[in-house]
Amino acid sequence: AYLLLDFFSDSDIEIKNMALKLIKNVPKAEFYPILLQNSLLPAHNETATQTMVNIGEKMFPYLESVFYKTRQDIQIMIKIIQVYGLVGGEQAIELLWNKIDYPDKKIVAQVLVALGKCGFTAKNEQITRIKLTIQSDIGNFVWNLSALEVIEAHKNTGDIFQAIKEDNDHIINHIFMLLSMIYDPHSIQLVKENLESNTSEGTTYALELLDVFLSDDIKEQISFLLDDMGHSDKFNKLQNYYPQSDLTFNETLKHLVNRDFNQISRYAKACAYMHMGVNGIKNFNLVLIANLFNSDWLIKECAAWTLYQTDPKAYHENLPRLPHNEQVALNNCITSENIKPIRYQKINVLRKIGLFEMIPGNQLANLVEDVYDFNVNDGQIIDISDEVQKHFYILSFGKLNLLVNEEIENQYSPGDILMEYVKLKPEDKICLQATEGNCQVLKLNKENLYDFLSDHYDLSLKILEYLRKEVQSEEVF
């Protein structure tokens, strides 16, 4: 069995995957950390995860001890929950339910997905607990509606408005998931499909179905939540259950950036910070300085960028309090002559591309953690022969030529994406050449994108539908 250890460090991906697969035949506890760590790597994710699922409940004691380790990485915790969901069974359900009150909503969301895969149906006190979660979700939904009312009345707030609207869409999907654990999942799915038809007949039929099986304590709230009435009407109905304070625009921004991450998405917060910076809204220095120390780099960058725009002196005074490597990274994005894009700006580039435009901003915020950038100076040629089959390339600004063996194969403008390129011969030389000025290119690892899509099945379907339409349109021409 221990001969396998030599293969785990092999540089050949296929050999290493074969070794990971063989662990199921000798499921010794010494191999469990190797499986878990490799399940986080795109090249070995599928094999390592499937091996853990094959080992099954024998791994649960080890996985539980790792999950509750102090300051555990959230990706490891999510992977453990996903394994429980794939293994299934009463023991997996019990371990998952014990995490339903975990303080991080990302963990709770994964717990609910895993419970759904296990075919979980709530009983007795579990039903009460799920209803409390539904009511908490509706409370967050109503606060978002009140924020939308205030934000909509101001100019240049489209990004914040859209981000909060997407948060509310996510809340509704989350509520449907919770309802499917209390009531018949097929009936809940039928309700959802009718609502998504976006017709008055579909909405009416969906609400009539809900009226048949929902309990009285949540029926009226759910009906108001899902009705196709406007934001204002919906807010007026629901604030009878969840009263809201009247806030000014600046107060709404303050509440938005200070709101708990379990109540609002990090992307919505980022939009609020950037709005302050773009429009020169001051008097938020304390919260901006505090978020220079945020471990979330999306928030850290937006707070730093906004502080520099509104109070450069405060930015330069507080930046030295950060570790040197973080100071360099922030200055490269904010004060450098060759400014690198911050994560928020990368999200905006992706949102303009048809392939990604249907993905909510908060999920793109997770994806851009694996998006890197590089510059191509005017006339410069960069050889990408060794990596063109491993990455997607997205042109942020400028114009590019794709050269194959020094011949122009294609030309790209801002927002264009170089996707699959198959080298006809191993010796083919593939290069990017900047034309008409300097260019900035975003680079996305394909395996990281596929990993991302494997965790978001609904987005995978939307992207496949987009690609199908693109192929059809090309066939027409």
Task: Main-chain N/O of I188 paired with S180 side-chain donor or acceptor, under 3.5 Å - done: no
Task: Side-chain donor or acceptor of K340 paired with backbone N/O of C333 under 3.5 Å - done: no
TODO: Walk me through it: do I107 and I78 pass the test side chain to side chain contact (heavy atoms under 4.5 Å, CB included)?
DONE: CA-CA 6 Å; I107 298 297; I78 288 173; 4.0 Å; yes
- [ ] Apply the test side chain to side chain contact (heavy atoms under 4.5 Å, CB included) to residues I34 and L20: give CA-CA distance (whole Å), side-chain angles for both, the deciding distance (0.1 Å), then the verdict.
- [x] CA-CA 8 Å; I34 297 172; L20 292 170; 4.1 Å; yes
Task: Approximate separation, where rounding is to 0.5 Å, of W143 CH2 and L145 CG - done: 11.0 Å
Open item on the list: Closer than 3.5 angstrom, by distance alone: can the side chain of H44 be matched with the main-chain N or O of Q37 as a donor-acceptor pair?
Closed with: no
- [ ] Decide salt bridge (charged side-chain N to carboxylate O under 4.0 Å, His left out) for K99 and E64; before the verdict, give the C-alpha distance in whole Å, the side-chain angles of both, and the deciding distance to 0.1 Å.
- [x] CA-CA 11 Å; K99 298 169 181 58; E64 279 293 281; 2.6 Å; yes
Open item on the list: To the closest 0.5 Å, what do you measure between OH (Y315) and CG (L288)?
Closed with: 12.5 Å
Open item on the list: With a 4.5 Å cut-off on side-chain heavy atoms, are F261 and K106 touching?
Closed with: no
Task: Atom of A365, atom of I347 and distance for their closest heavy-atom approach - done: CA-CD1, 3.6 Å
- [ ] State whether a side-chain donor-acceptor pair under 3.5 Å links S265 with D167.
- [x] yes
Open item on the list: Distance alone, cut at 3.5 Å: any donor-acceptor contact between the side chains of D311 and N285?
Closed with: yes
- [ ] Tell me yes or no: between the side chains of Y242 and Q221, is some donor less than 3.5 Å from an acceptor?
- [x] yes
Open item on the list: If we check side chain to side chain contact (heavy atoms under 4.5 Å, CB included) with I76, which of these qualifies: I81, L63, L36?
Closed with: L36
- [ ] Kindly indicate whether the side chain of D416, heavy atoms from C-beta on, has any atom under 4.5 Å from the side chain of N410.
- [x] no
Open item on the list: Looking at I430, is its backbone amide N or carbonyl O close enough to the side chain of S385 to form a donor-acceptor pair, meaning the two atoms are under 3.5 Å apart?
Closed with: yes
- [ ] Compute whether any side-chain donor of one residue and acceptor of the other, for N38 and K16, lie under 3.5 angstrom apart.
- [x] yes
Open item on the list: Measuring only between side-chain heavy atoms, which start at C-beta, is N283 closer than 4.5 Å to N250?
Closed with: no
TODO: Please work out which of the three classes, parallel, tilted or perpendicular, describes the rings of F249 and H154, given edges at 30° and 60°.
DONE: parallel
- [ ] Measure across N291 and A303 and return the closest heavy-atom pair with its distance rounded to 0.1 Å.
- [x] CB-CB, 3.7 Å
Task: Donor-acceptor under 3.5 Å (S136 side chain, L132 main chain) - done: no
- [ ] Could you pull out the closest heavy-atom pair between A206 and V191, with the gap in Å?
- [x] CB-O, 3.6 Å
- [ ] Take the angle between the ring planes of Y393 and H391 and call it parallel below 30°, perpendicular above 60°, tilted in between.
- [x] tilted
Task: Worked check of side chain to side chain contact (heavy atoms under 4.5 Å, CB included) between F356 and L364 - done: CA-CA 8 Å; F356 299 106; L364 282 179; 4.3 Å; yes
Open item on the list: Any non-hydrogen side-chain atom of L96 less than 4.5 Å from a side-chain atom of C118?
Closed with: yes
Task: Distance-only donor-acceptor check, side chains Q50 and E46, under 3.5 Å - done: no
Open item on the list: Between W305 and Y344, is the ring centroid distance below 6.0 Å?
Closed with: no
Task: K155 side chain to N279 side chain, donor-acceptor N/O pair below 3.5 angstrom - done: no
- [ ] To the nearest 0.5 angstrom, please state how far the CD atom of Q389 sits from the NZ atom of K446.
- [x] 7.0 Å
TODO: Count the heavy atoms belonging to other residues, nucleotides or ligands that lie under 6.0 Å from NZ of K117, then report whether that count exceeds 12.
DONE: no
Open item on the list: Please check if the number of heavy atoms outside K131 that lie under 6.0 Å from its NZ is greater than 12.
Closed with: yes
TODO: Give a yes or no on whether the backbone of N194 and the side-chain of S197 come within a donor-acceptor separation of less than 3.5 Å.
DONE: yes
Open item on the list: Please give me the minimum heavy-atom distance between D137 and I171, naming the atom from each residue.
Closed with: O-CG2, 3.6 Å
TODO: Enter the distance from I359:CD1 to L367:CG here, rounded to the nearest 0.5 Å.
DONE: 6.5 Å
Open item on the list: For a 4.5 angstrom cut-off between non-hydrogen side-chain atoms, does I384 reach K443?
Closed with: no
- [ ] Please assess H316 against L319 for the test side chain to side chain contact (heavy atoms under 4.5 Å, CB included), listing each intermediate value before the final yes or no.
- [x] CA-CA 5 Å; H316 289 297; L319 193 68; 5.6 Å; no
Open item on the list: Quick one: does any side-chain atom of E409 pair with a main-chain N or O of E407 as donor and acceptor, under 3.5 Å?
Closed with: no
Task: Working for salt bridge (charged side-chain N to carboxylate O under 4.0 Å, His left out), residues R129 and D101 - done: CA-CA 9 Å; R129 177 66 188 82; D101 290 317; 2.3 Å; yes
TODO: Using a 4.5 Å cut-off on heavy atoms from C-beta on, say whether the side chain of F141 contacts that of L225.
DONE: yes
Task: Nearest-0.5 Å distance, CG of residue N173 to CG of residue L178 - done: 11.0 Å
Open item on the list: Determine whether a donor-acceptor pair (N or O, by modelled atom type, separation under 3.5 Å) exists between the side chain of K234 and the backbone of D227.
Closed with: yes
Open item on the list: One pair to check against salt bridge (charged side-chain N to carboxylate O under 4.0 Å, His left out): E406 and K429. What are the steps and the verdict?
Closed with: CA-CA 8 Å; E406 300 183 357; K429 186 177 181 180; 5.0 Å; no
- [ ] Answer yes or no: are there more than 12 heavy-atom neighbours, outside K254 itself, under 6.0 Å from its atom NZ?
- [x] no
Task: Within 6.0 Å of CG in D246, more than 12 heavy atoms from elsewhere - done: no
Task: For the student: nearest non-hydrogen atoms of K282 and T310, plus distance - done: CE-O, 3.4 Å
- [ ] Just say parallel, tilted or perpendicular for the rings of F67 and Y102, cut-offs at 30° and 60°.
- [x] perpendicular
Task: Side chain proximity check, D159 to H275, heavy atoms < 4.5 angstrom - done: no
Open item on the list: Measuring from atom CD of Q363 to atom OH of Y267, what distance do you get when rounded to the nearest 0.5 angstrom?
Closed with: 12.5 Å
Open item on the list: When you compare the side chains of E301 and Y273, does any donor N or O come within less than 3.5 Å of an acceptor on the partner?
Closed with: no
Open item on the list: For the backbone of L292 and the side chain of K300, can you confirm whether one donor and one acceptor N or O come within less than 3.5 Å of each other?
Closed with: yes
Task: side chain to side chain donor-acceptor pair (under 3.5 Å) between N144 and R259, intermediate numbers included - done: CA-CA 11 Å; N144 288 349; R259 215 159 150 72; 4.7 Å; no
TODO: Measure the shortest side-chain to side-chain distance between L226 and F176 over non-hydrogen atoms and say whether it is less than 4.5 angstrom.
DONE: yes
TODO: Please confirm whether the backbone N or O of V371 pairs with a side-chain atom of K346, one donor and one acceptor, at under 3.5 Å?
DONE: yes
Open item on the list: Tell me the closest heavy-atom pair linking I222 and I138, and the distance in Å.
Closed with: CD1-CD1, 4.0 Å
